[in-house]
Amino acid sequence: MTPPVAARATQSAASSLQSRLKDPSLLRDRCYIDGAWVGTPEFAVNNPATGVELIKIPQLSADDATTAVEAAERAFPAWAKLTAKQRSNILRKWFDLIIANREDLALILTSEQGKPLAEALGEVDIGAAYVEFFAEEARRVYGETIPTQRPDARLLAIRQPIGVCGAITPWNFPNSMITRKVSPALAAGCTVVLKPANETPLSALALVALAEKAGVPKGVFNIITGDAPPIGKVLCEHPAVRFVGFTGSTEVGKILYRQASVGVKKLGLELGGNAPFVVFDDADIDAAVEGAIVSKYRNMGQTCVCANRLYAQDKIYDAFVTKLSKKVAEMKIGDGTEQGVTQGPLINMEAIEKVERHIADAVKGGAKIVTGGKRSSLGRSFFEPTVLSDVRPDALVSHEETFGPLAPVIRFKDEADVIAMCNASPFGLASYFYSRDIGRVWRVAEALESGMVGVNSGLITTEVAPFGGVKESGLGREGSRHGMDEYVEIKYVMMAGV
Ligand code: NAP
C-alpha cells in the first residue's frame, strides 16, 4: 500500500488535520484504481471555513478513467460470482469500520465541506446506514416463478448484477451520496468507478481506504479524481459501463443523459430541486418552525431536498414569520469544528453571490429582510441565515434553487392556489407541508408533484425509504429495496421440454 499522507506531509494544514485524527491513514492524497493508490497530488482541496489549502489530490485523465473501468470490468466476474452472503459479510465489515471511525470521517468531512461537526457525524451515520441496509438487502435479491402458459414449460425471472457502474457525486453530501450508490452496487454484485466532487474528494478516499480494509477485492471499487467532463464522458460512453449513477445539478444530469444515450446505458439521476414548504392555517406553528429550520438551514441550505420557497397561509403568516425569524437570528455562524456552531461557510463565493442575487431580486419586488440578508462579518463564504417576508410568488427565488441559507416566505389564501404554485416548477424532488386536517393531508400529499413528501416533518431522508424525484429532478430511486433495482437486470428464463 502506498503510504498515506503522513509519511510525506510537511508542516501544513494536512498534518494539522492528521494530528487530530485517531487514524491518520484515513487522510489520502492518491486515487484508488485496481487495488493500488495512484496519481500525483497536484490539485488543491481547500477548507471553506479557513480558506487554507488542506491537501492536494491527483488530476487524473480520461485515459486513467478508462484504466479504472477496465479494472472494474476484470474484477466483475469474480465479484458477481461470490455468494450473496459473502458480499454481504464484506459490506458489513465496511459498515463496522465506518462506524468505528465515524469521528475521523466527520472531521475530514467538515474540514473539506464546512458543515458543522454534529451534522457531519449525522451524515456519516446515515452514510453507514446505507451500507448496513444494503449488506442485508444483498441476501434478498429474489427472482420469481411465473405461472406457465405452456404445460411443457416453466418460466422464471432472475435478477442479475448489471455490470460495471459509474458513479458521480456532489460536494454537499460527500459521504452519504457515495455509500447510497456504491453499497447497493456492490451488494448486487456490480463493480464501481466513482468520481467524487473536486471540492470534497477526501471523504470518498477515506471511505475507499476503509473498504479496502474490509476486504473489498481489487478492482471492485475504484476512485478517480480530476477534470469532470472527460472522466464523465468515459463513464457514460465506455462499452463496459452498464449503469451510471449521478447526483448533482440538473444541468450536468442532462449532459450525462445525452452522453449515455450513445450506448443506451441505464442511468440513475438525482438532480436539483426547488422544494416548497407549506404551512396551513390549521398547522402546529411551533412544529412547522422546527421543521422549516431543519429543512431550510441544514448544511447552510445546501441540500437538494431543502425547503427553497416557503408558503404560509394568511391567518398564521405573521406568527410563522415572527417565530421563524427569532430562531434563525439565534443561529451561531462559524467554523463547523467549533462548539455550538450551527451554520458553517457556504462552499464557495459563487454560492454567496447566488444568495445575494435572490435576495436583491425579492427585495426589488417588495420583500422585507426580517433577519440576516448580508455576508457575515466573519468574511469569506460565511453568510447570515436570512428570512424574507412579503415575497411575491413570482420572485426569482420561487423558480430557482438558491442552495443557501435563505427562507423567502410567500403568503397564500387557499389550498388550491398553493398547490398550483407548488407544482408550477419543472422540478419535483421533495415537498413539505404542515396541517392537522387529515382530509387535507391526503389531498395535498397526493396532489403535490414531487418524488417525496414530508407531512409535518422537515426531515425525510432515511435509508429504508425510496429517495428520488420526478420531472427534471431525476430518474430512479436510491435507498430502500427499490434502490437495488438500479443495479440489477431482470432475465427471463423459459425451461421447456419438461
Ligand atoms: P454539479 O456541478 O452538477 O456537480 C456534481 C458532480 O458532477 C461533481 O462530481 C462534478 O465534478 C461532476 N461534473 C460536473 N460537470 C460534469 C460533466 N460535464 N460531466 C461529468 N461530471 C460532471 O453539482 P454540484 O454543484 O456539485 O451539486 C449541487 C447540485 O446537486 C444541486 O442542484 C443539488 O440539488 C443537487 N443534488 C441533488 C441530490 C439528489 O439526490 N437529487 C443530492 C445532492 C445534490 P467537479 O466537482 O469535479 O466539477
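First listed ligand is number 1; within each ligand, the first listed atom is number 1. Hydrogens, waters and symmetry mates play no part in the numbers below; they use all other heavy atoms, side chains included.
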Protein contact to atom 12 (C) of ligand 1 [nearest heavy atom, distance to 0.1 Å]: Ile168 CG2, 3.7 Å

Check each atom of ligand 1 against the heavy atoms of Glu199 and keep those under 4.0 Å away; list them by number with element. 46 (O)

Enumerate the atoms of ligand 1 whose separation from the nearest heavy atom of Gly232 is less than 4.0 angstrom. 20 (C)

Got the closest protein heavy atom to atom 41 (N) of ligand 1, with its distance? Leu271 O, 2.8 Å

For a 4.5 angstrom cut-off between non-hydrogen side-chain atoms, does Leu121 reach Leu105? no

How close do Trp79 and Leu186 get, heavy atom to heavy atom, and via which atoms? NE1-O, 3.1 Å

Identify the protein heavy atom lying closest to atom 28 (C) of ligand 1, giving its residue, its atom name and the separation to 0.1 Å. Phe403 CE2, 3.7 Å

So, 4.0 Å and heavy atoms of Arg180: is ligand 1 close enough to count as a contact? yes

Against ligand 1, does Trp171 come closer than 4.0 Å with any heavy atom? yes

Using a 4.0 Å cutoff against the non-hydrogen atoms of Pro196, which atoms of ligand 1 qualify? 9 (O)

Name the closest protein heavy atom to atom 23 (O) of ligand 1, giving the residue it belongs to and the distance to 0.1 Å. Ser249 N, 3.4 Å

Would you call Gln113 and Glu199 a side-chain contact if the rule is heavy atoms closer than 4.5 Å? no

Flag atom 4 (O) of ligand 1 as yes if some protein heavy-atom distance to it falls below 4.0 Å, otherwise no. no

Atom 21 (N) of ligand 1 - nearest protein heavy atom and its distance: Ala228 CB, 3.7 Å

Would Thr247 count as being in polar contact with ligand 1, using the rule that some N or O on each side must be under 3.5 angstrom apart? no

Is there a heavy atom in Leu269 that sits closer than 4.0 Å to ligand 1? no

Side-chain heavy atoms of Glu472 within contact of Leu271, under 4.5 Å: no

Atoms of ligand 1, numbered as shown, that sit under 4.0 Å from any heavy atom of Glu401: 31 (C), 32 (O), 33 (C), 34 (O)

Apply salt bridge (Lys or Arg N to Asp or Glu O under 4.0 Å) to the pair Arg375 and Glu356, showing each step before the final yes or no. CA-CA 9 Å; Arg375 296 181 190 202; Glu356 287 178 333; 2.7 Å; yes

Using a 3.5 Å cut-off on N or O atoms only, is Phe173 in polar contact with ligand 1? no

Could you check whether the rings of Tyr311 and Phe412 sit parallel, tilted or perpendicular, using 30° and 60° as the cut-offs? perpendicular

With salt bridge (Lys or Arg N to Asp or Glu O under 4.0 Å) as the test, pick out the partner of Arg180 among Glu123, Glu478, Glu486. Glu478

Validation row: Ile33, Ile223 side chains within 4.5 angstrom (heavy atoms): no

If you define the side chain from C-beta out and look only at heavy atoms, does anything of Asn299 sit under 4.5 Å from Phe403? no

Step by step, would you call Glu290 with Lys327 a salt bridge (Lys or Arg N to Asp or Glu O under 4.0 Å)? CA-CA 9 Å; Glu290 286 306 322; Lys327 291 245 175 195; 3.0 Å; yes

For Leu429, counting its heavy atoms only, list the atoms of ligand 1 lying under 4.0 Å from any of them. 41 (N)

Is Asn172 in polar range of ligand 1, meaning some N or O pair under 3.5 Å apart? no

The protein heavy atom nearest to atom 11 (O) of ligand 1 is Lys195 NZ, 3.2 Å

Which residues pass the side-chain hydrogen bond (donor to acceptor under 3.5 Å, both in side chains) test with Lys364, not counting sequence neighbours? none

Atoms in ligand 1 with a heavy atom of Thr169 nearer than 4.0 Å: 6 (C), 8 (C), 9 (O)

Dump the intermediate steps for side chain to side chain contact (heavy atoms under 4.5 Å, CB included) on Asn46 and Leu54, then the final yes or no. CA-CA 5 Å; Asn46 297 324; Leu54 274 174; over 6 Å; no

Looking at ligand 1, does any of its N/O atoms fall within less than 3.5 Å of an N/O of Gly248? yes

Output the list of atoms in ligand 1 that are nearer than 4.0 Å to some heavy atom of Leu256, sorted by atom number. 19 (N), 20 (C)

Where do Glu212 and Lys218 land on the salt bridge (Lys or Arg N to Asp or Glu O under 4.0 Å) test, with the steps shown first? CA-CA 8 Å; Glu212 181 186 49; Lys218 71 174 194 162; over 6 Å; no

Can you pull out the closest protein heavy atom to atom 15 (N) of ligand 1? Residue, atom name and distance to 0.1 Å, please. Val252 CG2, 3.5 Å

Just go through Cys304, Gly273, Pro174 and tell me whose heavy atom is the nearest to atom 36 (N) of ligand 1. Cys304

Hey, can you tell me if Phe320 and Phe277 have their rings parallel, tilted or perpendicular (30° and 60° cut-offs)? parallel

Considering non-hydrogen atoms of the protein only, which is the closest contact for atom 7 (O) of ligand 1, and what is the distance? Phe246 CE1, 3.2 Å

